[in-house]
2 protein chains.
Amino acid sequence: MKFESQPSYSLGQRTPASREVAAGENGGNVTLVSQSALGAINRGRVLQALYDNGPKSRADLARLAGVNRTTITGIVQPMIEDQLLVEGDASPSDVKGGKPARPLYFNPDAPMLGAVLLLPGTIQTCLVALTGEIKAVAKAEFDTHGDTEAFIAVMTETLTATLSQAQQAPFGIGVASAGMIDSDNGTILTVNLAPVLTGLPLVAILQERFSLPVVIDHHPRALLVGDRWFGPGRGQQNFAAVYTGEVLGGAFFIDGKVYRGLAGSGGELGHSVVQIDGALCNCGKHGCWETVAALPWLRKEAARLSFPHPKSVTCARLVKEADEGSKAAEELLDRYTRNVAFGIVNLQQTLSLNSYVLHGDVAGGGLKAAELIRQHVEQLVVKRPGQEISITVNGIGEGHTALRGAAGLVLSSHLKLVI
Amino acid sequence: MKFESQPSYSLGQRTPASREVAAGENGGNVTLVSQSALGAINRGRVLQALYDNGPKSRADLARLAGVNRTTITGIVQPMIEDQLLVEGDASPSDVKGGKPARPLYFNPDAPMLGAVLLLPGTIQTCLVALTGEIKAVAKAEFDTHGDTEAFIAVMTETLTATLSQAQQAPFGIGVASAGMIDSDNGTILTVNLAPVLTGLPLVAILQERFSLPVVIDHHPRALLVGDRWFGPGRGQQNFAAVYTGEVLGGAFFIDGKVYRGLAGSGGELGHSVVQIDGALCNCGKHGCWETVAALPWLRKEAARLSFPHPKSVTCARLVKEADEGSKAAEELLDRYTRNVAFGIVNLQQTLSLNSYVLHGDVAGGGLKAAELIRQHVEQLVVKRPGQEISITVNGIGEGHTALRGAAGLVLSSHLKLVI
DNA sequence: AGCAGTTAGTTTGTACCTCGCACAAACTTA
DNA sequence: TAAGTTTGTGCGAGGTACAAACTAACTGCT
């Protein structure tokens, strides 16, 4: 039998994506799953189940994952011997009768994770235990327009101060950075407010200095991971993290995986258009979401409406003043949250993740801001029957979530939940 | 007695609800990969590689997937014995020397796939061979405001006429439908222009009448699958299909998987907001993308600009008139494509898929429309270094892509590329 | 106290999958 | 005709998950 040659459909120029190359050293786009990979995958999933559900016995895990108890034993036994997991005291089972279960959880004395939060002008570093506790926090400032070598020196010094407090070598270092990040190649592409960082191959630098695995990703994605591992996103399979403040950004957790576009792109929500030919944005375009839902807009409106101290207006302040009876604050808060809602609406129409965790300025507005945004979203979205949209704010301090997220990045890459 | 005679890679004889069952069997959110699942996954990936790359020898497939040749032999041998695949004539290898390779491909005489395209007022059915050929097309009309029983009768009759022409029972039936679809439960939620379909559990109905696996999804997602299996999306890992016409819609192929939100939601791009407090939309909200980039807008603008026969204006007509020298057509075409571009820009800012396949009205505008849209998108998007955005139109007739996509839905759901 | 019943965790054997090695088959080149 | 090369196929090794059977530990009933 002869086969006719397949029609080639390469109409558009198919740019060879670095990611496809990474997916296989082979030219093709298929990758079969090998036997050993399967083991790694399942080990990772068991660990993730432990994270998501807290201490659990082998039998519980087996039920949770729908697998045989012996499988779980086989997976966790080496980890216990490796002192990554520890067996807790036998807790009386809630059902009557039977041998009491021995809950398993992460060893508090297991190696920790190094975490770095890099924002324009400041470096924060810490150690994060596998249980989520934050230790050995250090902080430093750097000249945003200064010398690269000087920055690297400050970074190294701060990180060393933190890492030296660990009793054992950490599993790795996770970096969360503002700006545009190429997470595939581990470089900072641009940070608007800190030109010194432009083009910096930070992963390579840190890897060399500390001889540890290093992972970098942009700030919203670290928030997402922080939410997923230790925050409101724990155990969820689909949700988005949305950051509002001087700029707007987002990141998505889709079908149990962190979404990363090519070279770690995606989630640049601030420059999606919500007002064709609207106000001029920093980016040079018009009508970006950022022109109506970020802090600069809020300050401008506050000034226009003759608020006192318009430069220092925040969502938290508006909520407070509204609660104290200020009609003007109430109205501005309503408009602000409505504008924020539009970005979430567009996300909802696109991906239907149904669950959104807010960070940054609007998170400062607490439950009230979240509820206002939820109401606006509900009004503005085309709802499907039975669909419920949840908007939450992450109550923990901003830096903490980002740092934990940075640590979580290492964890994720270490656990190889790629598949 | 055991019923294990079915080969485990079988395309047929699997309930389309397997996804629900798999997800709902255990209360938890973790699922480990079992040994047999691994086999199924790899079998599916080999088949997908065959689809993506055309006839290939075992050795080629092994290289493509980066696995051992023996692994491929083990996978394809049962399929050849089952007459799903056939071995082609030994083709002289392009390299010099060596035993000539025997290319493998889908057996043209293997069971086919039933496909249904359901648009307001019309039913199209056909058989699709595994090689993509369309056969036994049938068409019928139905009363959009009529009786449910009458619709089911027409549907059954049309589908029977098509399916009866198959020599063997097809692997299953794929349905692509306009409107809002719950693909998990196999029901049509609403179709604005065909109230008779509201709430119809079509999958259950067809499953009962034809005793075959049935899958349903909404129209844009079928276009996406059609693009992926047989069109410009072939072999790609990330792209979006965008439909424009009376309404707007989209669907996404992300990391080698069709994106489906809960209950098959997602991709309702038409009602994302591009103009806060803009024109009133059919959905009751304001400033939806649909109010500026769908055909009703184009007709209204044509009328406002005193075009002749404004009711019949389309992208294809604008391109033709612009090519003939009409400045007015050129200008309107430019504004139309710019408005279409905004939706793609927002998608790009959100997911960075970098590749977009256009369908529907703008696809009628051919390469010129695609190029105009690409230029607008390039201007309106915040580009990352090295990022290239590709916009293509699917040149094949609209119905054909949707029908092939509907068939591809069956294929996808039974190849279990879930992981 | 003693026994049945229940649940947790382990031991043992089995089935399945991929891989590396060796080998036959088939073709090209010198 | 011999050497070299590539394809495709047995066969055993190594790794993984599963099922059955077993021990351990606890509850409840007699």
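Since the structure is predicted, the reported quantities are computational estimates derived from the model, not experimental observations. Lettering follows sequence order; numbering is per chain, from 1.
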Exercise for review: Please state whether the phosphate of dA8(C), meaning OP1 or OP2, lies under 4.0 angstrom from any side-chain nitrogen or oxygen of R63(A).
Suggested key: yes
Exercise for review: Find the distance I75(A):CD1 to dT10(C):P and express it as a whole number of Å.
Suggested key: 13 Å
Check your understanding: Is T73(B) near enough to dT9(D) that one of its side-chain N or O atoms lies under 4.0 angstrom from OP1 or OP2?
Key -> yes
Check your understanding: Quick one: R102(B) CZ to dA25(C) P, roughly how many Å, whole number?
Key -> 15 Å
Revision key, fill the gap. Residue pair V76(B)/G39(A) against DNA chain D: nearer the 5' end by closest nucleotide is V76(B)
Check your understanding: Heavy atoms under 4.0 Å, any strand shown: does R69(B) hit a base, just sugar-phosphate, or nothing?
Key -> base
Review point. According to the interplanar angle, ranging from 0 to 90°, do the rings of F252(A) and Y259(A) count as parallel (below 30°), tilted (30 to 60°) or perpendicular (above 60°)?
Key: tilted
Check your understanding: Does dC17(C) have OP1 or OP2 sitting under 4.0 Å from an N or O in the side chain of N42(B)?
Key -> no
Practice item. Establish, with yes or no, whether the OP1 or OP2 oxygen of dC19(C) is under 4.0 angstrom from a side-chain nitrogen or oxygen of T70(B). Key: no
**Study point:** Heavy-atom closest pair, residues Q48(B) and W229(B)
**Key:** NE2-CH2, 4.3 Å
Review point. Do the side-chain N or O atoms of N68(A) get closer than 4.0 angstrom to the phosphate oxygens (OP1, OP2) of dA19(D)?
Key: yes
Review point. For the pair made of CD in E87(B) and P in dT7(D), what is the distance, rounded to whole Å?
Key: 14 Å
Point to revise | Nucleotide dA8(C), atom P - distance to NZ of K56(A) in whole Å | key: 12 Å
Point to revise | L113(A) and L411(A), any side-chain heavy atoms less than 4.5 Å apart | key: yes
Exercise for review: Could you please name the option among dC19(C), dA17(D), dT7(D) that lies closest to any side-chain atom of T71(A)?
Suggested key: dA17(D)
Check your understanding: Does any N or O in the side chain of R260(A) come within less than 3.5 Å of the main-chain N or O of D217(A), such that one atom is a donor and the other an acceptor?
Key -> no
Practice item. Please state how far atom CD1 in I72(B) lies from atom P in dT18(C), giving the value in whole angstrom units. Key: 9 Å
Practice item. Could you tell me how the ring of Y51(B) sits relative to the ring of Y105(B): parallel (under 30°), tilted (30 to 60°) or perpendicular (over 60°)? Key: perpendicular
Check your understanding: Given atom CZ of R43(A) and atom C1' of dT16(D), what is their separation to the nearest angstrom?
Key -> 10 Å
Review point. For L61(B) and dG8(D), what is the distance between atoms CG and P respectively, to the nearest whole Å?
Key: 9 Å
Check your understanding: Between dT10(C) and R58(A), is there an OP1 or OP2 to side-chain N/O distance shorter than 4.0 Å?
Key -> yes
Check your understanding: Taking atom P of dG9(C) as reference, at what distance in whole Å does atom CD of E81(A) sit?
Key -> 16 Å
